[in-house]
K.L.:
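Before I ask anything, let me first share the structure, which is written out below as structure tokens.
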Amino acid sequence: MWPYSRTTQIEKGVFRLYIFLDYDGTLVKTKEEDFTTMYFSKLANKMNGDPDHVAKLIMGIVMDIARSSDGTKTIYEQFLELLESRTHKSRDFWISFFTDFYIGEFAELGRFVTPNRELIDFVRNKNAKLVYASNSVFPRIAVEQRMKFIGMDWNEFEYVVHMENSHYVKPDPRFFEEIILKLGTLPENCVMIGDSEVDKACEKIGVRFVHVEEKEKWMKL
């Protein structure tokens, strides 16, 4: 049973194409591992810690959420609870800390990001509904910054995934199912453009997957 009230009805007899878009390696050409390295370097500097230690802490929390999420709490709530328990610093401290980080140091990472302009231009001109379906490991404030990095705007998307509105992370198929239920559509009306196996997990619920390198396929959508 879903932990939120369903307010939309499943579309019947109406076809609207929803294009789900991954971010790292898809909407941007920058390799995810390169961005992640820079991200943890910035974060560790702000925390006055070692990048490897900080990465182990944060990634450990994300992995634990992926293994144990039962859908009763958002990723954001789970993340704050685990971070508080493992650092012995309060929830309010971390909310303030990350808000300041994403407005400040994180914004500086934009200069290292290379947009996939060809894909962005294509989906903008396609008669379809766009869904920002990057993994739910960033809060809304960070997602807003990541959109700015590639010159896109929140209002270009029918739905945007972030920590505060998600209860699962990829490759859990429920990550995709939750989006579909919130959109009030059907899996066969959706296609996921991504670059990895975690994106391809969408196929487990009937959503078509197209690899970002398969240009000839997504150009025919």
K.L.:
Tell me whether the guanidinium CZ or amine NZ of Lys46 lies under 6.0 angstrom from the six-membered ring centre of Phe97 and within 45° of its axis.
P.N.:
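Yes.
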K.L.:
List in chain and number order the residues that pass ring pair (Phe, Tyr, Trp, His ring centres under 6.0 Å) with Phe157, two or more places apart in sequence or in another chain; answer none if no residue qualifies.
P.N.:
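Ring pair (Phe, Tyr, Trp, His ring centres under 6.0 Å) check on Phe157 returns Tyr132.
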K.L.:
Give the minimum heavy-atom separation between Cys202 and Met192, together with the two atoms involved.
P.N.:
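Closest approach of Cys202 to Met192, heavy atoms only: SG-CB, 3.5 Å.
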K.L.:
Are Val169 and Asn135 side-chain neighbours, meaning at least one heavy-atom pair lies under 4.5 Å?
P.N.:
yes
K.L.:
Where the side chain of Ser69 meets the backbone of Tyr168, is there a donor-acceptor pair that is under 3.5 Å apart?
P.N.:
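Flag not set: sc Ser69 to bb Tyr168 has no pair under 3.5 Å.
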K.L.:
Answer whether the closest heavy-atom distance between the side chains of Tyr18 and Ile179 falls below 4.5 Å.
P.N.:
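Contact flag for Tyr18/Ile179 side chains = no.
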K.L.:
Is any side-chain heavy atom of Met163 less than 4.5 Å from a side-chain heavy atom of Thr74?
P.N.:
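Side chain of Met163 against side chain of Thr74, heavy atoms only: no contact under 4.5 Å found.
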K.L.:
Check whether any side-chain heavy atom of Leu57 sits under 4.5 Å from a side-chain heavy atom of Leu83, and report yes or no.
P.N.:
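Counting from C-beta outward, Leu57 and Leu83 do come under 4.5 Å.
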K.L.:
Within the structure provided, determine whether Val137 and Ile75 are in side-chain contact (heavy-atom separation under 4.5 Å).
P.N.:
no
K.L.:
Could you give the distance from CD1 (Ile205) to CD (Glu188), rounded to the nearest 0.5 Å?
P.N.:
10.5 Å
K.L.:
Val161 and side-chain contact (heavy atoms from CB on, under 4.5 Å): which single residue from Phe175, Phe176, Phe20 fits?
P.N.:
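Of the listed residues Phe175, Phe176, Phe20, the side-chain contact (heavy atoms from CB on, under 4.5 Å) partner of Val161 is Phe175.
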K.L.:
For Asp34 and Thr37, does a side-chain donor sit closer than 3.5 Å to a side-chain acceptor?
P.N.:
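Judged by distance alone, the side chains do not pair up.
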K.L.:
Mind checking the CG-CG spacing from Asn45 to Asp50? Nearest 0.5 Å is all I need.
P.N.:
12.0 Å
K.L.:
What do you reckon, is CG of Asn127 surrounded by more than 12 foreign heavy atoms closer than 6.0 Å?
P.N.:
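Open: at most 12 neighbouring heavy atoms sit under 6.0 Å from CG of Asn127.
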K.L.:
Please report the interatomic distance CD1(Ile193) to CG(Asn116), rounded to the nearest 0.5 Å.
P.N.:
9.5 Å
K.L.:
How far does OG of Ser41 sit from CD of Glu105, to the nearest 0.5 angstrom?
P.N.:
11.0 Å
K.L.:
Describe, in one word, how the ring planes of Phe98 and Phe79 are oriented to each other, choosing from parallel (under 30°), tilted (30 to 60°) and perpendicular (over 60°).
P.N.:
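Perpendicular.
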K.L.:
Sorted by first residue and then second, give each salt bridge (Lys or Arg N to Asp or Glu O under 4.0 Å) pair with at least one member in residues 23-32; sequence neighbours left out.
P.N.:
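Output for this query lists Asp24-Arg146.
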K.L.:
Val207 and Val191: side-chain contact (heavy atoms from CB on, under 4.5 Å), yes or no, with the steps?
P.N.:
CA-CA 6 Å; Val207 174; Val191 60; 5.5 Å; no
K.L.:
What pair of heavy atoms forms the shortest contact from Val212 to Gly25, and how long is it?
P.N.:
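Closest heavy-atom pair between Val212 and Gly25: CG1-O, 3.5 Å.
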K.L.:
When you look at Ile65 and Val62, which way does the side-chain contact (heavy atoms from CB on, under 4.5 Å) test go after all the steps?
P.N.:
CA-CA 5 Å; Ile65 291 173; Val62 171; 5.6 Å; no
K.L.:
Check whether Gln78 reaches the backbone of Lys73 with its side chain - one donor and one acceptor, N or O, closer than 3.5 Å.
P.N.:
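Yes; at least one donor-acceptor contact below 3.5 Å.
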K.L.:
Distance-only, no hydrogens or angles: does the Asn165 side chain make a donor-acceptor pair with backbone N or O of Val160 under 3.5 Å?
P.N.:
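Flag set: sc Asn165 to bb Val160 pair under 3.5 Å.
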K.L.:
Are side-chain heavy atoms of Glu84 and Ser90 found at a separation under 4.5 Å?
P.N.:
yes
K.L.:
Please report the C-alpha distance between Asp64 and Arg86 in whole Å, then the side-chain angles of each, then the deciding distance to 0.1 Å, and finally whether the salt bridge (Lys or Arg N to Asp or Glu O under 4.0 Å) criterion is met.
P.N.:
CA-CA 12 Å; Asp64 285 346; Arg86 295 180 188 185; 2.6 Å; yes
K.L.:
With rounding to the nearest 0.5 Å, note down the distance linking CG in Leu109 to NZ in Lys42.
P.N.:
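Reported to 0.5 Å precision, the distance equals 6.0 Å.
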K.L.:
Under the salt bridge (Lys or Arg N to Asp or Glu O under 4.0 Å) rule, collect the residues that match up with Arg208, sequence neighbours excluded.
P.N.:
none
K.L.:
Pair Thr72, Asp70 - check side-chain hydrogen bond (donor to acceptor under 3.5 Å, both in side chains), show working.
P.N.:
CA-CA 6 Å; Thr72 59; Asp70 61 5; 2.7 Å; yes
K.L.:
Sub-3.5 Å donor-acceptor pair from the side chain of Ser85 to the main-chain atoms of Leu82, do we have one?
P.N.:
yes
K.L.:
Taking Leu80's backbone N and O only, do any of them form a donor-acceptor pair with Trp94's side chain (distance below 3.5 Å, no angle check)?
P.N.:
no
K.L.:
Would you call Val131 and Leu183 a side-chain contact if the rule is heavy atoms closer than 4.5 Å?
P.N.:
yes
K.L.:
Is the backbone N or O of Thr26 less than 3.5 Å from a side-chain atom of Asp195, with the two atoms forming a donor-acceptor pair by type?
P.N.:
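No, the answer is negative, given that no donor and acceptor are paired below the 3.5 Å cut-off.
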K.L.:
Is any side-chain N of the basic residue among Arg91 and Glu81 closer than 4.0 Å to the acidic one's carboxylate O?
P.N.:
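Glu81 and Arg91: not salt-bridged.
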K.L.:
Which heavy-atom pair separates Ala201 from Pro171 by the least distance, and what is that distance?
P.N.:
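For Ala201 versus Pro171, the nearest heavy atoms are CB-O, 3.2 Å.
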K.L.:
Drop me the distance from Leu17's CG to Thr185's OG1, to the nearest 0.5 angstrom.
P.N.:
9.5 Å
K.L.:
Look at the side chain of Glu178 and the backbone N and O of His167, then say whether any donor-acceptor pair between them is shorter than 3.5 Å.
P.N.:
yes
K.L.:
If you compare all heavy atoms of His162 against all heavy atoms of Ser136, which two are closest, and at what distance to 0.1 Å?
P.N.:
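His162 and Ser136 have their closest heavy atoms at O-CB, 4.1 Å.
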K.L.:
Should Glu144 and Lys148 count as an ion pair when the cut-off is N to O under 4.0 Å?
P.N.:
no
K.L.:
Looking at every non-hydrogen atom in both residues, tell me the closest pair between Lys170 and Asp22 and how far apart they are.
P.N.:
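Smallest interatomic distance, heavy atoms only, reads NZ-OD1, 3.2 Å.
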K.L.:
So which of Phe138, Phe112, Tyr23, Phe106 actually passes ring pair (Phe, Tyr, Trp, His ring centres under 6.0 Å) with Phe149?
P.N.:
Phe106
K.L.:
For Glu77, I'd like to know if atom CD has over 12 heavy atoms of other residues, nucleotides or ligands within 6.0 Å.
P.N.:
yes
K.L.:
Determine the minimum heavy-atom distance between Glu156 and Met152, stating which atoms define it.
P.N.:
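That would be OE2-CA, 3.3 Å.
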K.L.:
Taking the six-membered ring for Trp, are Tyr39 and Phe35 parallel (under 30°), tilted (30 to 60°) or perpendicular (over 60°)?
P.N.:
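The rings of Tyr39 and Phe35 lie parallel, inter-plane angle below 30°.
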K.L.:
Between Met47 and Phe101, is any pair of side-chain heavy atoms under 4.5 Å apart?
P.N.:
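A side-chain contact under 4.5 Å is absent here.
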K.L.:
Please determine if Glu216 and Lys220 form a salt bridge, counting it only when a charged side-chain N lies under 4.0 Å from a carboxylate O.
P.N.:
no
